[in-house]
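Below you'll find the structure, written out as structure tokens, and then a few comments.
Quick note on labels: first sequence line is chain A, next is B, and so on, each numbered from 1.
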Number of protein chains: 2
Amino acid sequence: MPSERTRRRIPEATVARLPVYLRILGELADDEVESISSDGLADLAGVNAAKVRKDLSFLGSYGTRGVGYVVAYLVYQVRRELGLTHDWPVVIVGAGNLGHALAGHGGFSQRGFPVAAVVDVDPEKVGSVLGGVLVRHIDELSEIVQSKQINIGVVATSASGAQDAAERLVRAGVTSILNFAPVVLSVPRSVEVRKVDLAAELQILSYYEHRRSLAAHGQGSSHSATVVGLATDNGVARRSANA
Amino acid sequence: MPSERTRRRIPEATVARLPVYLRILGELADDEVESISSDGLADLAGVNAAKVRKDLSFLGSYGTRGVGYVVAYLVYQVRRELGLTHDWPVVIVGAGNLGHALAGHGGFSQRGFPVAAVVDVDPEKVGSVLGGVLVRHIDELSEIVQSKQINIGVVATSASGAQDAAERLVRAGVTSILNFAPVVLSVPRSVEVRKVDLAAELQILSYYEHRRSLAAHGQGSSHSATVVGLATDNGVARRSANA
DNA sequence: ATGCATTCGTGCGCGCGTTCACAAAGCGCG
DNA sequence: CGCGCTTTGTGAACGCGCGCACGAATGCAT
Ligand SMILES: NC(=O)c1ccc[n+]([C@@H]2O[C@H](COP(=O)([O-])OP(=O)(O)OC[C@H]3O[C@@H](n4cnc5c(N)ncnc54)[C@H](O)[C@@H]3O)[C@@H](O)[C@H]2O)c1
Ligand SMILES: NC(=O)c1ccc[n+]([C@@H]2O[C@H](COP(=O)([O-])OP(=O)(O)OC[C@H]3O[C@@H](n4cnc5c(N)ncnc54)[C@H](O)[C@@H]3O)[C@@H](O)[C@H]2O)c1
């Protein structure tokens, strides 16, 4: 079996789903489920079964026809592909409201992303302890990133400080950034940025709410007008897993 | 001019970008910039200019050839399309770490999403005040949602409580949910759900970091191997706006 | 008034991602 | 040992969204 000849690129959309599969597989493993079909996994993940199979096929042929996927083995393969064979320490920039919640959240280290450091520009914040981590001054960022081998930075500053924070992270050697500030960061192309914009998410929901209310008393369609009571027509996800 | 005949559906990808445009347009308005070209807006939003024009064209023809878009007018149109002509009160379920940060965050009311209520199942949490809002017991959810005309709910409970929280929200009459728990919520198709999964975001970054490290010493490509120092080759976003 | 520069609006081709559908492959039972 | 049942892996069709490229419209200078 050739274990290490695979250097195909995985579609972005698939990469974005792998963490979802991984989490579900982890839960199955905890429940001592030994194998799972693409159908079962699709149900639990709320996606199409063919998509699951195609997604997983990018990693290799790790299923068994007529049976399904061995959970433990698949967990290993997905983790390997995502680069989760070792921890990725992260540094949080901005010890405000959000930085506090993030640092205090155990889920990160649990999933392989220990908060190795928190920095802030405000001398008032420096010296306090968030989630067991001492807040240090942002001027020490480079030293911290270098010595702790940090590749991933989290921007949790105010909007006005975000670009500065990003530039400092890049200068310190960070190559991936998760940005919570409602700002489009300008960084070298070689740096990967992902953003989480809560206000934008709410506005997207607002769009659909608005649209719904237009449809309700407007002209066009149709049935399902003012069904506010609970309609239990689940489209997805009744639990199922073959043992 | 026909103002209200437009019932075309806007592509999901476009809807997701409108909030970004809106934020930038708001900043331009604050800076008293009166008009902006698709090129300028594209720069600031970090996207292609044609995309900006196409996105905006779904709202109608609100630009002026040879000139650009009048900022104030465009703000109005985007807000109208997103349903932001009135506030959308939200209820937060889960008064933990995250619920605390969310409730204490002024940015939401500022953008039209006032935190009208916070509820929790834990009697210990009930009665405390988060961001000026009294935490109430989740059993009061229906009454709260009805009386305050709430359509949008935020799930900020532990993973184990998320499905229960979602079901209670739906039963109370909420039709849009923003979910922070790492769980695939099962709700009626008529309910719109968006999720924010921080661990997944980090894992996606991990994938690209991992890939990068493989490329660096592996076989394939190429230049840009271990360029850790800052390369100032910004692909995007030098400020520009025509006045 | 005419021409020139600018910028919008959009038709069109292309590439990516989703989904269907089916052949290949393994399992278990008789 | 073969047959039928199950489920994977993937070829192929489809649809959506992206971005180029260009015509149309507008403003401004002369
Ligand atoms: N709190 C939330 O729940 C929430 C929700 C959505 C979005 N956000 C966004 O997350 C960001 C942080 O929110 P918050 O509530 O924590 O804000 P905050 O004001 O409480 O904290 C910001 C922190 O960043 C620090 N800071 C500012 N500029 C800096 C810089 N250049 N370098 C280093 N540190 C710097 C400040 O000293 C402060 O401690 C904001 O952009 C906000 O829009 C927060
Ligand atoms: N804190 C963070 O920065 C952070 C980051 C990423 C993701 N998350 C996710 O957000 C969620 C909340 O995180 P947290 O740190 O606030 O957790 P937490 O444990 O501090 O708070 C959870 C709260 O939800 C309440 N709760 C539980 N079940 C409930 C139910 N059925 N109905 C109503 N309330 C219920 C609990 O009483 C508790 O107060 C978790 O799923 C976590 O994975 C949090």
Side-chain angles (χ1 to χ4, degrees), chain A residues 1-2 6 8-18 20-21 25 28 33-71 73-74 77-78 81 204 207 235-236 240-243, chain B residues 1-2 6 8-18 20-21 25 28 33-71 73-74 77-78 81 204 207 235-236 240-243:
Chain A
M1 282 55 196
T6 53
R8 65 217 146 227
R9 203 176 67 273
I10 296 183
E12 207 175 308
T14 295
V15 173
R17 280 188 295 269
L18 288 178
V20 177
Y21 301 148
L25 289 169
L28 289 172
V33 175
E34 295 197 350
S35 88
I36 179 87
S37 68
S38 60
D39 246 325
L41 189 48
D43 266 8
L44 296 171
V47 301
N48 185 290
K51 199 186 284 189
V52 169
R53 290 199 294 277
K54 184 147 286 186
D55 282 343
L56 296 181
S57 77
F58 286 110
L59 315 190
S61 288
Y62 299 132
T64 306
R65 295 170 193 228
V67 179
Y69 301 87
V70 174
V71 172
Y73 186 51
L74 197 51
Q77 291 298 344
V78 175
E81 192 66 44
I204 294 167
Y207 170 79
V236 233
S240 79
N242 56 5
Chain B
M1 280 57 197
T6 52
R8 65 220 145 226
R9 203 178 64 275
I10 296 183
E12 208 175 308
T14 294
V15 173
R17 279 187 297 269
L18 289 179
V20 178
Y21 301 149
L25 289 169
L28 289 173
V33 175
E34 295 195 349
S35 89
I36 179 88
S37 68
S38 60
D39 244 323
L41 190 48
D43 266 9
L44 295 170
V47 302
N48 185 288
K51 200 185 287 187
V52 169
R53 290 199 294 278
K54 184 152 286 184
D55 283 342
L56 296 181
S57 77
F58 286 110
L59 314 191
S61 287
Y62 298 133
T64 306
R65 298 172 191 223
V67 179
Y69 301 87
V70 174
V71 173
Y73 186 50
L74 196 52
Q77 291 298 344
V78 175
E81 191 68 44
I204 293 167
Y207 170 79
V236 233
S240 77
N242 55 7

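Rounded to whole Å, the distance from CG on A:Leu59 to P on D:dT10 is 12 Å. For the pair B:Arg9 CZ and D:dC16 C1', the interatomic distance rounds to 11 Å; values are reported in whole Å. Summarising the geometry, the separation between CG on B:Leu74 and C1' on C:dC8 is reported as 12 Å, rounded to the nearest angstrom. In this structure, the CD atom of A:Glu12 is 11 Å from the C1' atom of C:dG17, given to the nearest Å. Distance, B:Leu56 CG to D:dG19 P: 15 Å, rounded to whole Å. As rounded to whole Å, 14 Å separates atom C1' of D:dT8 from atom CG of A:Asn48. Straight-line distance from the CG atom of A:Asp39 to the P atom of D:dG9: 14 Å, rounded to whole Å. Atoms NZ (B:Lys54) and P (D:dC16) sit 14 Å apart, rounded to a whole Å.
For the OP1/OP2 pair of D:dG9 and a distance below 4.0 Å, the side-chain nitrogens and oxygens of A:Tyr69 include at least one atom meeting the criterion. The side chain of B:Tyr62 contributes no N or O atom lying less than 4.0 Å from OP1 or OP2 of C:dT7.
Checking C:dT18, D:dC18, D:dT7 against the side-chain heavy atoms of A:Lys51 singles out C:dT18 as nearest. Among D:dG9, D:dC20, C:dT18, the nucleotide with an atom closest to any side-chain atom of A:Ser61 is D:dG9.
In this structure B:Tyr73 satisfies the ring pair (Phe, Tyr, Trp, His ring centres under 6.0 Å) test together with B:Tyr62, sequence neighbours excluded.
Between B:Ile204 and B:Tyr207, the closest side-chain pair of non-hydrogen atoms is not below 4.5 Å.
A:Arg17 and A:Val47 make their closest contact through CD-CG1, 4.4 Å (heavy atoms, listed as atom of the first residue, atom of the second, distance). Of all non-hydrogen atoms in B:Leu25 and B:Val71, the two that sit nearest each other are O-CG1, 3.5 Å.
In this structure, the separation between OG on A:Ser38 and CG on A:Asp55 is 11.0 Å, given to the nearest 0.5 Å. To the nearest 0.5 Å, atom CG of residue B:Leu74 and atom CD1 of residue B:Ile36 are 10.0 Å apart. In this structure, CD on A:Glu81 lies 11.0 Å from CG on A:Leu56, to the nearest 0.5 angstrom.
If you check every strand for non-hydrogen atoms under 4.0 Å, B:Ala50 touches a base.
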>> I need a per-nucleotide contact map over nucleotides 22-30 of chain D, read 5' to 3'. Cutoff is protein heavy atoms under 4.0 Å; write B for the base, S for backbone only, - otherwise.
In response: -BBBBS---

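With the nearest nucleotide of DNA chain C identified for both B:Ser38 and A:Pro11, B:Ser38 has the one nearer the 5' end.
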